[in-house]
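Indexing begins at 1, ligand by ligand and atom by atom, following the structure's order. Each residue takes its place number in the sequence, starting with 1.
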Amino acid sequence: MVYSSTKASLLTQHGKEIVISPLLSVSNGIEIIHVTDFDTDQLGTFTREIPRFGSQLEAAREKARIGMQISGLTTGVASEGAFSNDPYTGILPWNYELVILIDDLRSIEIVGHSGGAAQSASKSISNFDEVEGFLEIANFPSHQLIVRPDDEYHPEFKKGINDIESLEAAIQWARQKSKQGKIFLENDLRAHANPTRMANILKATEDLSRKLNSLCPECKFPGFQVTDLRKGLRCLHCSMPTHLPIAEVWSCIKCNFRTELVVAEKFADPSKCPKCNP
Ligand SMILES: [Zn+2]
Ligand SMILES: [Zn+2]
């Protein structure tokens with residue numbers, strides 16, 4: 001393990017250290033120094049009052065850098081999430097998580113990724129009776145809620161709602177504040193309030209952990225990883241090329257070494273063939 005006994009800062013809030021720290025410690029030997037003397041909400045919130053600092057990757061990089069600065073360490077870890085629609089149908093709520101490790105001794109950064117279905121539901125209601133069906137869709141109370149007057153853009157809100165009493169109180173509060181008698185409910189997307197997101201952060205950390213232990217055969221730097229797929233595996237039935245990969249392209253993030261690893265399957269299943277199973 002390249003990072004065995006390495007001290008790395010982890011600037012994070014919202015309980016993400018619970019999934020990130022043990023994994024990097026056990027699988028990579030990293031000693032995580034949890035840094036909390038900086039409010040990461042300054043770099044963006046999911047509650048729309050502060051827009052995110054740059055892209056998802058730039059925001060993660062900035063958090064890692066701040067953690068390294070505060071701790072004085074040359075290695076830093078941070079994570080950043082994003083929400084959009086799924087890449088297949090474009091309809092379902094989707095969550096992308098990334099966990100970055102910056103290593104200033106080797107001048108590299110390695111990034112773990114994970115994408116998965118998000119628990120991100122919302123509904124506009126007029127009174128408490130209308131919450132019933134929504135609570136199931138929102139996976140409440142294991143997943144917390146945010147309540148606002150009027151609509152999703154109202155600057156005031158109650159967050160971290162995780163029981164029916166506080167939900168009822170928040171809805172009463174929002175109705176009094178509302179100009180239109182409307183209340184907007186949505187899932188709280190902060191990691192500790194959203195176990196679906198937390199599970200996705202764990203997967204991104206697993207991806208990072210694997211990459212940290214994967215060494216380039218040429219220069220021995222960590223972060224040797226799949227960067228591309230060569231597609232066109234032929235159909236077993238009709239021999240047409242499919243979208244399935246023939247080989248994985250592995251690249252080093254430090255030197256220019258690249259190599260192809262041919263997949264074990266010789267042919268594609270006809271169910272994946274555009275001609276046999278259109
Ligand atoms: Zn075919
Ligand atoms: Zn290399």
Please say which of Asn277, Leu236, Leu233 ends up in a side-chain contact (heavy atoms from CB on, under 4.5 Å) with Thr242. Leu233
Given SG of Cys276 on one side and SG of Cys235 on the other, what angle do they make at the Zn ion (ligand 1), to 10°? 110°
Polar contact flag, side-chain donor to acceptor under 3.5 angstrom, [X]-[Y]:
{"X": "Thr12", "Y": "Glu17", "value": "no"}
{"X": "Asn200", "Y": "Glu97", "value": "no"}
{"X": "Ser120", "Y": "Asn187", "value": "no"}

Need one value: angle at the Zn ion (ligand 2), Cys252 atom SG versus Cys255 atom SG, rounded to 10 degrees. 110°
Would one find an N, O or S atom of Cys273, in either backbone or side chain, under 2.8 Å from the Zn ion (ligand 1)? yes
